[in-house]
> 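Dumping the structure here so I can ask a few things about it.
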Amino acid sequence: MEQRNFTEEHEMFRESFRLFLEREVVPHQEAWREQGMVSREVWLKAGEQGYLLPWADEAHGGLGLTDFRYTQIEIEELMRIGETGFYLPLHSALVAPYIGTNGTEEQKKRFLPGCISGESILAVAMTEPGAGSDLAGMKSTAVRRGDDWVLNGAKTFISNGQLADVVVVAAKTNPEKPREVGLFLVERGMAGFQRGRHLKKLGMHSQDTSELFFDNVVVPAANVLGDPAKGFHYLMAGLAEERLIAAATNVASCQAAFDWTMEYIQERKLFGRTLGSMQNTRFKMAELRTEIDMAQVYVDHCVTQLNAGHLSGESAAKIKLYSSELQGRVVDECLQFFGGYGYMDEYPISRAYADARITRIFGGASEVMKEIIARSIGLTEQAG
Ligand SMILES: Cc1cc2nc3c(=O)[nH]c(=O)nc-3n(C[C@H](O)[C@H](O)[C@H](O)COP(=O)(O)OP(=O)(O)OC[C@H]3O[C@@H](n4cnc5c(N)ncnc54)[C@H](O)[C@@H]3O)c2cc1C
């Protein structure tokens with residue numbers, strides 16, 4: 001796409017982040033896939049360069065770059081190299097803002113500097129074996145005991161689960177009111193906090209996804225985020241941005257798949273001509289180009305809305321829905337052009353195909369997005 005919403009300063013940021021990835025990420029991608037997680041070192045290096053929590057206040061060690069476009073650039077560059085395991089956007093833009101928005105000044109001073117330097121890696125634990133889309137069904141509990149809270153429960157599918165030093169854990173806090181949930185900052189080493197299996201997945205092989213267990217973990221009041229009855233409210237307040245992060249990632253993945261394919265089809269020769277010169281290829285690529293551009297325009301529009309403080313839940317749901325469904329189609333159709341090579345693990349398109357499958361499920365499944373959009377146009381489920 002010719003015109004995007006970026007200024008010269010953004011482009012300089014992009015250039016330096018791209019160089020950082022080429023130096024500190026690309027050489028390690030294979031090893032990380034084998035290990036099932038990225039190194040702690042890359043987090044520290046990203047921290048050193050100011051790439052973690054760029055939005056954070058200078059008083060806490062951040063750069064004060066609250067413009068979401070910096071996060072968007074990081075997402076786009078990570079997807080450009082097909083790196084879905086170095087989960088910097090989850091840490092910086094999804095979990096840390098819970099502390100930045102709902103934490104006390106004391107909590108910000110205590111937790112944010114480590115998140116900015118990369119010494120402290122973040123995760124968020126909402127999903128449980130019996131409760132994913134329907135979070136109200138969660139069973140984890142936190143019971144008040146003096147100044148502390150005693151946390152019990154099991155979480156699953158937690159990104160950064162093995163690496164995380166601080167986990168924002170959601171748990172019910174009032175047995176009489178099932179919608180009262182608190183958010184607790186559980187730290188590495190707290191007695192009773194254990195990591196379960198490092199789960200094997202279809203894709204995103206360098207991303208560590210884990211079970212987490214909490215067995216009578218004593219969480220001090222100083223580690224409770226905001227009001228322990230309002231956790232749902234805090235989670236919901238962050239959802240629009242979370243879905244925009246997902247959508248920006250999905251469209252950037254489409255763009256990467258498109259670029260790899262453009263390169264391949266212009267090289268690959270069959271029946272005495274290049275694959276790219278065949279009518280089917282030219283038309284299919286023209287269609288994909290059009291659809292990706294349309295999705296990009298909507299993502300960029302939502303970024304502008306977010307920056308202005310106006311991003312609605314419905315807009316975020318629409319672009320999350322559309323971009324994840326589009327990504328599924330784009331990686332499938334691009335893979336087709338690679339023939340058998342596209343099925344080989346050494347080809348990025350093969351990895352992108354596996355990585356893409358989850359985006360219609362996590363961060364709110366497509367069906368949940370459709371519910372939100374249907375309700376926003378006045379269509380609710382009614383008997384009779
Ligand atoms: C790789 C990966 C990373 C993840 N990272 C995290 C993380 O860091 N932290 C965290 O807390 N969770 C995380 N998750 C969990 C993720 O958010 C959940 O998997 C997701 O919310 C779906 O929940 P579920 O798996 O329990 O499926 P369910 O809730 O059981 O849903 C199953 C299916 O039911 C359908 N469905 C759902 N709702 C509706 C509806 N309203 N109407 C009609 N059909 C519906 C959908 O097709 C859905 O796919 C991660 C998951 C994966 C796989």
Side-chain angles (χ1 to χ4, degrees), residues 33 36-38 83-98 121-140 151 153-172 181-186 195-214 225 231-232 234-236 238-239 241-243 245-246 249-250 253 313 317 320-321 324-325 327-328 351-376 379-381:
R33 276 171 57 84
M37 65 172 88
V38 306
E83 182 48 59
T84 51
F86 180 28
Y87 230 174
L88 185 155
L90 176 93
H91 168 92
S92 287
L94 214 142
V95 192
Y98 287 125
I121 300 169
L122 297 172
V124 59
M126 297 182 270
T127 307
E128 301 187 355
S133 310
D134 181 12
L135 275 181
M138 78 170 69
K139 293 213 160 41
S140 295
L151 177 67
K155 300 286 182 182
T156 194
F157 304 150
I158 306 309
S159 305
N160 289 350
Q162 296 290 320
L163 280 169
D165 302 288
V166 178
V167 185
V168 176
V169 182
K172 290 193 170 168
V181 161
L183 299 182
F184 299 88
L185 294 161
V186 175
R195 290 159 219 262
R197 286 179 302 153
H198 178 168
L199 299 163
K200 291 199 168 159
K201 306 189 288 297
L202 171 67
M204 296 175 76
H205 289 304
S206 55
Q207 207 280 306
D208 64 305
T209 311
S210 302
E211 299 168 323
L212 300 180
F213 299 106
F214 306 91
L225 266 182
F232 262 134
Y234 303 144
L235 293 173
M236 297 303 137
L239 277 184
E241 181 165 349
E242 179 180 338
R243 288 175 180 152
I245 291 167
T249 311
N250 301 341
S253 305
K320 158 73 169 71
L321 170 67
S324 57
E325 300 283 335
Q327 187 188 2
R351 299 172 181 193
Y353 180 83
D355 292 350
R357 188 60 189 88
I358 189 58
T359 66
R360 281 174 268 168
I361 298 170
F362 70 8
S366 288
E367 293 78 0
V368 175
M369 297 306 108
K370 289 178 195 174
E371 271 293 342
I372 295 167
I373 300 159
R375 263 185 267 136
S376 80
L379 296 176
T380 51
E381 228 172 315

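In each ligand, atom 1 is the first atom listed, and ligand 1 is the first ligand listed.
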> In Å, rounded to the nearest 0.5 Å, how long is the span from CG of Leu239 to CD1 of Ile245?
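If we round to the nearest 0.5 Å, Leu239:CG and Ile245:CD1 are 10.5 Å apart.
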> How would you list, by chain and number, every residue that makes a side-chain hydrogen bond (donor to acceptor under 3.5 Å, both in side chains) with Thr249, sequence neighbours excluded?
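Per chain and number, Thr249 pairs via side-chain hydrogen bond (donor to acceptor under 3.5 Å, both in side chains) with no residue.
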> Can you tell me which residues line ligand 1 if we count any heavy atom under 4.0 angstrom from one of its atoms, in chain and number order?
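Shell around ligand 1 (4.0 Å, heavy atoms): Val124, Ala125, Met126, Thr127, Gly132, Ser133, Phe157, Ile158, Ser159, Lys201, Ile358, Ile361, Phe362, Gly363, Ala365, Glu367, Val368, Glu371.
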> Verify, without hydrogens or angle tests, whether Lys172 (side chain) and Lys139 (backbone) share a donor-acceptor contact under 3.5 angstrom.
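No: the side chain of Lys172 does not pair with the backbone of Lys139.
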> Hey, is OH on Tyr353 packed in by over 12 heavy atoms from elsewhere, all under 6.0 Å?
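No - once you tally the heavy atoms of other residues, nucleotides and ligands closer than 6.0 Å, there are 12 at most.
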> Side chains of Gln207 and Ser159: closer than 4.5 Å at any heavy-atom pair?
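Heavy-atom side-chain distance check passes, below 4.5 Å.
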> May I ask you to check whether Ser210 and Gln162 show a side-chain donor-acceptor distance below 3.5 Å?
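Short answer, yes.
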